[in-house]
Chemist: 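First, the structure itself, so that you have it in front of you.
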Amino acid sequence: MSLRKIISIEYILAFVITVFFYGHLNFSWLYFIVFLLLPDITMVGYLINTKVGALFYNMGHSFVLPAMIMAIGLLTTTSIPLMAALIWLAHIFLDRALGYGLKYDDAFKKTHLQQIA
């Protein structure tokens, strides 16, 4: 089995676990469906150029911001940040499982996952 396939399976598993916790916390499935693709709004940066596009896209598709929001939700026991973080993380995991990785600034289709054999 190739390394790329193993990584894809890991991201699928992470997506399933995220969805499990989302359901376990009894959050709205309607919100999940409506907001699952919201992080893709960061592609708007590509209207300016590939450098800005990659910067915006990578900010919306790295684990840093949703992890910080999740920490805030857990520390304050507030459900909205936790729900948002889980949806955001689910989006990232799904994207990565499908092979959409973080972007290089010279082309939209050039991602960090393509460098893995």
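Below, all heavy atoms of this structure are taken into account, side chains as well, without hydrogens, waters or symmetry copies.
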Chemist: Can you confirm whether more than 12 heavy atoms, excluding those of Phe63, are under 6.0 Å from its CZ atom?
Modeler: yes
Chemist: Show your working on side chain to side chain contact (heavy atoms under 4.5 Å, CB included) between His61 and Asp40 and close with a plain yes or no.
Modeler: CA-CA 8 Å; His61 288 82; Asp40 284 338; 3.1 Å; yes
Chemist: Going from CZ on Phe93 to CD1 on Ile17, what distance comes out if it is rounded to the nearest 0.5 angstrom?
Modeler: 8.5 Å
Chemist: Which residues satisfy the side chain to side chain contact (heavy atoms under 4.5 Å, CB included) test with Lys51, sequence neighbours excluded?
Modeler: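 Lys51: side chain to side chain contact (heavy atoms under 4.5 Å, CB included) contacts with Asn49, Asp105.
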Chemist: Could you report the tightest heavy-atom contact between Pro66 and Ala85, atom names first, then the distance?
Modeler: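 For Pro66 versus Ala85, the nearest heavy atoms are O-CB, 3.4 Å.
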Chemist: Would a single hydrophobic cluster contain both Tyr57 and Val44, if residues Ile, Leu, Val, Met, Phe, Trp and Tyr are joined by side-chain heavy-atom contacts under 4.5 Å?
Modeler: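 No, Val44 and Tyr57 fall in different hydrophobic clusters.
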Chemist: Please enumerate all residues that pass ring pair (Phe, Tyr, Trp, His ring centres under 6.0 Å) together with Tyr100, with sequence neighbours excluded.
Modeler: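 Tyr100 satisfies ring pair (Phe, Tyr, Trp, His ring centres under 6.0 Å) with no residue once adjacent residues are dropped.
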Chemist: With rounding to the nearest 0.5 Å, note down the distance linking CD1 in Ile87 to CD1 in Ile69.
Modeler: 11.0 Å
Chemist: Please identify each residue that fulfils side chain to side chain contact (heavy atoms under 4.5 Å, CB included) with Leu82, with sequence neighbours left out.
Modeler: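 Once residues adjacent in sequence are excluded, the partners of Leu82 under the side chain to side chain contact (heavy atoms under 4.5 Å, CB included) criterion are Leu25, Phe27, Met70, Leu74, Leu86.
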Chemist: Taking Leu30 as the starting point, is it possible to reach Met83 by hopping between hydrophobic residues whose side chains are less than 4.5 Å apart?
Modeler: yes
Chemist: How would you list, by chain and number, every residue that makes a ring pair (Phe, Tyr, Trp, His ring centres under 6.0 Å) with Phe21, sequence neighbours excluded?
Modeler: none
Chemist: Under 30°, 30 to 60°, or over 60°: which ring-plane class applies to Phe108 and Tyr46, parallel, tilted or perpendicular?
Modeler: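 The rings of Phe108 and Tyr46 stand perpendicular, inter-plane angle above 60°.
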Chemist: Can you tell me which residue pairs pass the ring pair (Phe, Tyr, Trp, His ring centres under 6.0 Å) test with a partner in residues 69-88, sequence neighbours excluded?
Modeler: none
Chemist: Any chance CD1 of Ile80 has more than 12 other-residue heavy atoms, nucleotides or ligands included, within less than 6.0 Å?
Modeler: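 No - once you tally the heavy atoms of other residues, nucleotides and ligands closer than 6.0 Å, there are 12 at most.
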Chemist: Scan for side chain to side chain donor-acceptor pair (under 3.5 Å) pairs involving residues 66-84, sequence neighbours excluded, and state none if there are none.
Modeler: Thr76-Thr78
Chemist: Between the main-chain N or O of Leu102 and the side-chain N or O of His112, is there a donor-acceptor pair closer than 3.5 Å?
Modeler: yes
Chemist: Same cluster or not: Ile92 versus Ile41, using hydrophobic residues (I, L, V, M, F, W, Y) connected whenever any side-chain heavy atoms lie under 4.5 Å apart?
Modeler: no
Chemist: Going hydrophobic residue to hydrophobic residue with side-chain gaps under 4.5 angstrom, can you get from Met59 over to Leu94?
Modeler: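 Hydrophobic grouping puts Met59 apart from Leu94.
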Chemist: In the hydrophobic cluster built from side-chain contacts under 4.5 Å, what are the other members alongside Leu37?
Modeler: none
Chemist: Sorted by first residue and then second, give each side chain to side chain donor-acceptor pair (under 3.5 Å) pair with at least one member in residues 10-30; sequence neighbours left out.
Modeler: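 Sorted pair list: Tyr11-Arg96.
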Chemist: Suppose clustering is done on Ile, Leu, Val, Met, Phe, Trp and Tyr with side-chain heavy atoms closer than 4.5 Å. Which residues sit in the same group as Ile9?
Modeler: Met1, Ile6
Chemist: Could you state the interatomic distance from OG1 (Thr50) to CG (Leu55), rounded to the nearest 0.5 Å?
Modeler: 11.5 Å
Chemist: Would you name the heavy atoms of Ser8 and Ala97 that are closest together and state the gap between them?
Modeler: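 Taking every non-hydrogen atom into account, OG-O, 2.9 Å.
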Chemist: With a 4.5 Å limit on heavy-atom distance, are the side chains of His91 and Leu38 in contact?
Modeler: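 In short, these two side chains do not touch, never coming nearer than 4.5 Å.
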Chemist: Under the ring pair (Phe, Tyr, Trp, His ring centres under 6.0 Å) rule, collect the residues that match up with Tyr104, sequence neighbours excluded.
Modeler: none
